[in-house]
Each structure stands twice: as C-alpha cells, then as structure tokens.
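So the structure is just underneath, and the comments pick up after that.
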Amino acid sequence: MSKVTTLHEFIMDRQADFPYASGELSRLLTDIAVASKVVSKDVRRAGLLDNFLGAHGSTNIQGEEQQKLDVIADNQFINMFKTGGEVCGIASEENDDFMPFESEFSKNGKYVVLFDPLDGSSNIDVNVSIGTIFSIFRRQSEVGTSATLEDMMQSGAKQIAAGYVLYGSSTMLVYTTGKGVNGFTLDPYIGEFCLSHPDMRMPEMGRIYAMNEGNVNICDPGIKEYIEEKCQTILEGAPRPYSGRYIGSLVADFHRNMIKGGIYIYPSTTVDPEGKLRLLYECNPLAFIAEQAGGIATTGHERIMDIEPSRLHQRVPYFVGSKKMVEQAMEYLKG
Ligand code: AHM
Ligand code: MG
C-alpha cells in the first residue's frame with residue numbers, strides 16, 4: 001500500500017507555495033476540516049439523536065425555514081472560527097447580518113469566511129447527500145480593528161481559497177487555493193481526511209444535465225430549447241440522450257459533474273427573478289473551484305467571479321460545469 005497523505009500534511013506541504021505565508025491560512029483550512037468532521041459525525045447519526053432532525057422553528061433572512069442541523073452546523077463552524085484566531089468575522093447563509101468577532105484575539109485575524117454551513121436543506125431529513133460550502137477572503141479593513149461589511153462584499157476573483165465538504169456516501173473535502181483542486185476523503189477509521197482525488201479536472205464535455213425541471217416553463221425559453229435539443233435528443237454518434245440527474249443539493253450535483261462532466265443550471269425564473277442560489281455563500285466558492293478545474297461559472301451574461309456584490313444575501317442565476325456544455329447552453333439564452 002502506498003503512503004497515505006493526510007489533509008494536514010498536504011496543507012503544510014503546500015504552504016511553501018505562498019512565499020510570505022505565515023501559516024494562518026493553513027491553520028484556518030485545518031480548522032475548517034476539524035469543524036466539518038464534527039458536522040459529519042452529527043449528520044451520520046442525525047436520525048438516532050433527539051433534536052437533530054426536523055425544523056428548528058425559525059426562518060432565516062431569506063424567509064426559508066431553518067432545519068435543526070442547519071443551526072447546529074452553523075454554530076459549529078462559527079465557534080471554530082471564533083476560537084481559531086485567523087478570522088476576524090464571518091457571514092453565513094443562516095445569519096441575517098455578518099458577524100464581526102470582537103475579541104482582541106480575533107480582531108488580529110487576517111481573513112473573513114463566507115459560508116453555507118449545510119447546503120441542501122430540503123435533503124437533510126430524507127438521508128440524501130448535503131454539504132458545506134466556504135469562501136475565504138483576505139480582509140480589506142486594517143488588522144486589529146473590527147471586520148466590516150466591505151470585507152465581506154468582495155468579488156469572487158479576490159478569493160484566497162474556497163472549498164466544499166460533501167456529506168455523501170463518504171465525507172469528502174475538496175478545496176482550492178488557486179493552484180488546482182484537490183479532494184480528500186474522510187477515513188472514518190482513523191478520523192483523517194486523506195488525499196483521494198489529487199489535481200481534480202472537470203471534463204470539458206459531459207453527458208449529464210442537472211436542473212429543477214419544474215422551472216423549465218418559467219425561465220428563459222432558450223433553456224427549454226437547449227434541454228430539448230442538446231440534452232433530450234440523441235445527438236449524432238451518441239448512443240442515447242444525456243442523463244438528467246438532479247439531487248437538489250448543489251454540492252452533490254456539482255461534485256458529480258466535477259468528476260463525470262456535466263452542467264448545473266439554476267436560472268432566473270418568473271417566481272425568483274434573481275435565481276435561487278446565493279452569490280457569496282454558494283456561487284462564488286464553487287465558481288472558483290470550477291474554474292480551477294477547467295470549468296466555467298456564469299450568470300448567463302457575466303462571469304460569476306467578476307460580480308461586485310451589492311448585498312450580503314444576493315442571489316444570482318447560475319450555470320456551472322463543463323466548459324463546452326456551459327458555452328453551448330449560453331448560445332441558447334434569449335434574455
Ligand atoms: P439551501 O441553501 O437552502 O439548501 O438552498 C440551496 C439548494 C441547493 O443546494 C439546491 O441545488 C437548490 O437549493 C435546490 O432548489 P430547488 O428545490 O428549488 O430545486
Ligand atoms: Mg445553500
């Protein structure tokens with residue numbers, strides 16, 4: 001058996017890629033891994049424990065009902081960031097406002113983290129894959145002061161690192177610091193994330209499309225045409241049409257497309273003109289990973305990572321996945 005590389009070893013080895021690195025980003029990534037192991041443990045046992053499944057009884061600022069595990073995961077990550085010392089503030093999909101950490105210790109942190117603690121809320125209670133998504137920026141405000149809204153509202157192009165954790169049939173952590181994408185599988189027997197998917201590349205072309213097709217008649221008619229003509233037709237030389245696969249957990253749909261090639265679509269609809277997915281917590285981090293793996297992420301009109309955010313909980317239409325598939329879908333858009 002060849003030597004196993006743990007996430008921790010990998011992060012420490014890669015620290016040398018950043019000439020002036022002081023180790024804070026490495027520690028932050030390690031903290032995220034630790035928090036996600038705790039969340040993974042909770043997710044794995046949720047059905048057996050009191051107070052883990054079901055609605056929390058609250059709604060978030062977006063009017064969505066919060067699940068108990070959403071809140072548990074949110075608190076787990078926030079506590080880790082508060083006590084780590086690398087982070088001066090956070091913004092989370094589950095909190096109305098951003099949260100500056102006011103201790104002297106945290107105020108000296110260089111970074112802010114924006115995250116969706118548990119994505120795919122509608123799948124929590126039914127034992128279907130869910131995930132965590134995170135995005136790390138260097139703060140804009142001065143070290144030693146309180147984190148500001150401006151620290152949170154940076155374009156995706158300024159991300160220092162981003163990643164996701166997929167609580168699927170195994171737990172995986174996938175991240176980038178802008179030098180490719182690497183994936184680690186949690187070995188439950190030793191409790192370590194181990195390198196299992198080095199240098200991940202998204203195939204340029206795939207045969208899977210993922211969209212909530214319930215929305216197909218309330219979005220840009222070009223999307224329906226694209227799906228009918230390119231996804232649901234037997235194209236020349238192909239044995240069958242593409243496969244439609246929609247898990248309804250962005251992390252899981254994205255991860256499958258990363259490995260097999262595919263397109264994920266959540267467009268603007270007449271009901272949700274800005275789309276459903278959040279720029280800062282979902283779209284930017286996965287766009288960074290997609291691009292680092294050779295894929296594309298766009299609103300249909302603009303590169304996701306070029307958007308200057310206007311609101312913390314801003315939503316945007318989202319097309320992400322294999323380069324050629326996304327490019328082809330864009331040719332159909334009318335709006
Ligand atoms: P959430 O963050 O509240 O879980 O919402 C985001 C999720 C994505 O994971 C998923 O792709 C999408 O919402 C599913 O939405 P829909 O049920 O409208 O298809
Ligand atoms: Mg989400």
Side-chain angles (χ1 to χ4, degrees), residues 36 39 43 46 53-74 76-77 90-96 113-135 156 162-168 172 174 208-219 223 227 244-258 262-290 297 299 304 311-321:
S36 67
V39 172
V43 167
L53 291 186
H56 181 256
S58 51
T59 51
N60 64 19
I61 190 166
Q62 294 132 95
E64 296 157 344
E65 188 177 62
Q66 289 179 304
Q67 303 299 303
K68 287 176 187 157
L69 265 179
D70 279 329
V71 177
I72 291 169
D74 196 38
Q76 190 60 51
F77 281 101
I90 60 101
S92 148
E93 188 180 303
E94 298 305 331
N95 293 296
D96 297 0
V113 185
L114 291 86
F115 65 104
D116 181 353
L118 214 50
D119 179 64
S121 304
S122 66
N123 282 326
I124 291 178
D125 278 1
V126 292
N127 209 353
V128 174
S129 302
I130 46 184
T132 296
I133 313 175
F134 61 90
S135 177
Y164 60 83
V165 184
L166 173 61
Y167 312 102
M172 270 195 80
V174 175
I208 294 174
Y209 70 102
M211 174 181 170
N212 179 344
E213 285 188 73
N215 292 329
V216 82
N217 291 317
I218 57 166
C219 63
I223 295 173
I227 290 178
R245 294 279 186 274
Y246 188 70
I247 298 168
S249 287
L250 174 62
V251 174
D253 281 308
F254 178 87
H255 182 71
R256 183 206 50 239
N257 290 351
M258 268 285 279
I263 182 169
Y264 175 95
I265 301 174
Y266 210 114
S268 150
T269 66
T270 52
V271 176
D272 294 307
E274 297 183 320
K276 176 178 183 193
L277 300 175
R278 270 96 351 173
L279 173 63
L280 297 178
Y281 318 115
E282 295 164 325
C283 301
N284 265 339
L286 297 186
F288 191 17
I289 291 179
T299 61
I304 291 290
R311 289 189 321 280
L312 210 48
H313 295 285
Q314 182 176 356
R315 298 172 193 259
V316 288
Y318 202 42
F319 299 78
V320 66

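Along the sequence shown, the residues carry numbers beginning at 1. Remember, it's 1-based here, ligands and their atoms both numbered in the order they're listed. Every heavy atom of this structure was used, including side-chain atoms; hydrogens, water molecules and symmetry mates were not.
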Which of the ligand 1 atoms, numbered from 1, are nearer than 4.0 Å to a heavy atom of [X]:
X	result
Glu282	2 (O), 6 (C)
Asn212	16 (P), 18 (O), 19 (O)
Asp119	1 (P), 2 (O), 4 (O), 6 (C), 7 (C), 8 (C), 9 (O)
Asp116	2 (O)

Could an N or O of ligand 1 be found under 3.5 Å from any N or O of [X], whether backbone or side chain?
X	answer
Arg278	yes
Tyr246	yes
Gly120	yes

For [X], which part has a heavy atom under 4.0 Å from ligand 1: side chain, backbone, both, or neither?
X	answer
Tyr281	neither
Ser249	backbone
Leu250	both

Quick one: the OE2 of Glu282, the Mg ion (ligand 2), OD2 of Asp116 angle, rounded to 10°, please.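 Glu282 OE2 and Asp116 OD2 form an angle of 110° at the Mg ion (ligand 2).
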
Which residue owns the protein heavy atom closest to atom 13 (O) of ligand 1, what's the atom, and how far is it?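 Looking only at protein heavy atoms, the one closest to atom 13 (O) of ligand 1 is Lys276 NZ, 2.9 Å.
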
Among all the protein's non-hydrogen atoms, which is closest to atom 2 (O) of ligand 1, and how far away is it?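 That would be Glu93 OE2, 2.7 Å.
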
Ser249 backbone acceptor or donor facing Asp119 side chain under 3.5 Å: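 No, Asp119 side chain to Ser249 backbone: no donor-acceptor pair under 3.5 Å.
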
Does Cys283 offer a backbone N or O that forms a donor-acceptor pair with the side chain of Tyr318 under 3.5 Å? yes

Taken to the nearest 0.5 Å, the spacing of Leu69 CG from Asp125 CG works out to 8.0 Å

